[in-house]
Amino acid sequence: MRAAMRVFADEQGETALMAFAEAEQLDSMRVLLQRSTDPAAMTMLTCARGLTALVAAASTGQVGSMRLLLDHPSADPAAMMMMMSPDGGPSTLMMAAGDGHVDAMELLLDHPSSDAASMMMLADGEGDTALMWAAASGQVEAMRLLLYHPSADSAAMIVLANVEGDTALMAAAGAGHVGAMDRLLNHPAADTAAMIVLTNGEGETALMLAAIEGHVDAMRLLHNHPSADAAAMMMLTDTNDFSAFIRAAQTGQAESMRLLLDHPSANPAAMLMHTGTTALMWAALSGHVDAMHLLLDHPSADAAAMTLLAKTRAGPPSYRLLWEATWTPCASCLTTYLPTQQP
């Protein structure tokens, strides 16, 4: 009965050792490990969340729990630190970095059994590294530790992409973490001009990802960086021929659109009358009336020409639905700006 209790796991596969490690109940951890017939195997078990006891401890920054597990006589600390769940769940360093537990990260990277260089380049099932985990959650101090660690290949870490082609900069930009972006862009090993125009698998840049989410401070940081060619950056398009401006219109991010249109390097007339499907069409199709008014009322806009273009340009039948009152507010907005001589 005692043996069964020691390996008991709940419906998620979480063991008592994981729970005790996460809460840093060190005495309870010692009792479980001392009474276990196979403490080494116990430390390597994973639950449905992809956590081992060590990863669980790292997720809450419990350095005492981590040290007890790593230094146990039966432990294989090198394997424990590099281990991930079979489905590619996070490593201990990724979990600590994503939650900003710098003390836990230092323990891992500086442990006598640590292969710090390999640990920092390790990727999960999505291709995300510890640096990407930290960047995506805005953990600037965790990023500093990784980028300036003596074993770090910082230049490689900065440009490494996950399975979707996203870099750490893209992860930070898409989440609006300006401090994390600044840390990456101003690192001595960074090729900033290249980083800013890197694209993911969909052809999206960091600027596009920030624009889609309305993170205008992140957009300003990219636009105003000394290494940026702001005019060229704004005209880049993804695999669907959508620029950052078009993507902002699709998602109704009026502040992103205003920032792009009013940037000193912008060509607003060209942006408004973009060949193909215009920003006005996308804003209308997506039901973003505020974004439509922003476009039509802009000082550089030829509202009548833009509206006629939206009405007459060849395209999928969905465009015609605007004029059949499927989206009544959008259709009314467009009709308001039509020249009076038009039916």
Side-chain angles (χ1 to χ4, degrees), residues 169-170 173-174 176 178 181 185 191-200 202-286 288-315 319 322 330 333-334 336-339:
L169 179 63
M170 294 175 192
V178 176
M181 295 171 65
L185 290 168
D191 182 351
T192 308
M195 288 168 60
I196 289 173
V197 295
L198 278 176
T199 58
N200 62 17
E202 298 295 323
E204 297 166 321
T205 63
L207 179 65
M208 293 177 194
L209 294 170
I212 291 167
E213 300 297 335
H215 298 310
V216 292
D217 288 339
M219 296 172 66
R220 287 191 186 98
L221 178 64
L222 293 166
H223 269 156
N224 298 332
H225 196 277
S227 299
D229 182 345
M233 195 193 317
M234 286 187 283
M235 298 308 289
L236 289 173
T237 57
D238 63 16
T239 54
N240 293 307
D241 196 32
F242 299 153
S243 65
F245 183 60
I246 296 291
R247 295 304 304 272
Q250 288 176 316
T251 52
Q253 298 295 351
E255 289 307 308
S256 295
M257 296 165 66
R258 183 176 288 109
L259 179 66
L260 292 164
L261 282 170
D262 294 341
H263 191 275
S265 300
N267 182 348
M271 293 164 67
L272 290 166
M273 296 296 282
H274 174 72
T275 57
T277 308
T278 66
L280 178 61
M281 292 179 191
W282 280 118
L285 286 166
S286 304
H288 301 304
V289 178
D290 289 345
M292 295 172 67
H293 281 295
L294 169 66
L295 293 165
L296 291 163
D297 294 334
H298 193 271
S300 298
D302 182 342
M306 289 166 61
T307 309
L308 280 173
L309 192 62
K311 183 175 182 180
T312 60
R313 180 168 278 170
Y319 300 146
L322 294 171
C330 297
C333 177
L334 289 171
T336 301
Y337 289 88
L338 277 174

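Throughout, residue positions are numbered sequentially from 1 according to the sequence presented.
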Measure across [X] and [Y] and return the closest heavy-atom pair with its distance rounded to 0.1 Å.
X      : Y      : result
Ala211 : Ala244 : CB-O, 3.8 Å
Ser300 : Pro268 : OG-CG, 3.4 Å
Ala284 : Met292 : CA-SD, 3.6 Å
Ala231 : Ser265 : CB-O, 3.5 Å

Can you measure from [atom1] ([X]) to [atom2] ([Y]) and round to the nearest 0.5 angstrom?
X      : Y      : atom1 : atom2 : answer
Met281 : Ile246 : CE    : CD1   : 9.5 Å
Met257 : Asp290 : CE    : CG    : 10.0 Å
His293 : His288 : NE2   : NE2   : 14.0 Å
Ser256 : Met219 : OG    : CE    : 4.5 Å
Phe245 : Thr278 : CZ    : OG1   : 9.0 Å
Ile196 : Leu185 : CD1   : CG    : 5.5 Å

**OP:** List for me each residue that meets side chain to side chain contact (heavy atoms under 4.5 Å, CB included) alongside Ala173, sequence neighbours excluded, and say none if there are none.
**Re:** Met181, Ala206, Ala210

Original post:
What residues form a side chain to side chain contact (heavy atoms under 4.5 Å, CB included) with Leu236, not counting sequence neighbours?
Top reply: Val197, Thr205, Met208

If the condition is side chain to side chain donor-acceptor pair (under 3.5 Å), which residues does [X] pass it with, not counting sequence neighbours?
X      : value
Asp217 : Arg220
Asn200 : Asp166, Glu204
Glu255 : Arg258
His298 : Asp262

Any heavy-atom pair between the side chains of [Y] and [X] that's under 4.5 Å?
X      : Y      : result
Gln253 : Val216 : no
Leu295 : Trp282 : no
Leu260 : His223 : yes
Leu272 : Leu261 : yes

Original post:
Which pairs pass side chain to side chain donor-acceptor pair (under 3.5 Å) with one or both residues in residues 224-234, sequence neighbours excluded?
Top reply: Asn186-His225

**OP:** Any pair with a residue in residues 207-216 that passes salt bridge (Lys or Arg N to Asp or Glu O under 4.0 Å), sequence neighbours left out, goes on the list, sorted by first then second residue, please.
**Re:** none

Subject >> N/O donor-acceptor pair under 3.5 Å between Thr251 side chain and Ala248 backbone >> reply: yes

Subject >> Leu207, Thr237, Asp238 screened by side-chain contact (heavy atoms from CB on, under 4.5 Å) with Ser243, the one that passes >> reply: Thr237

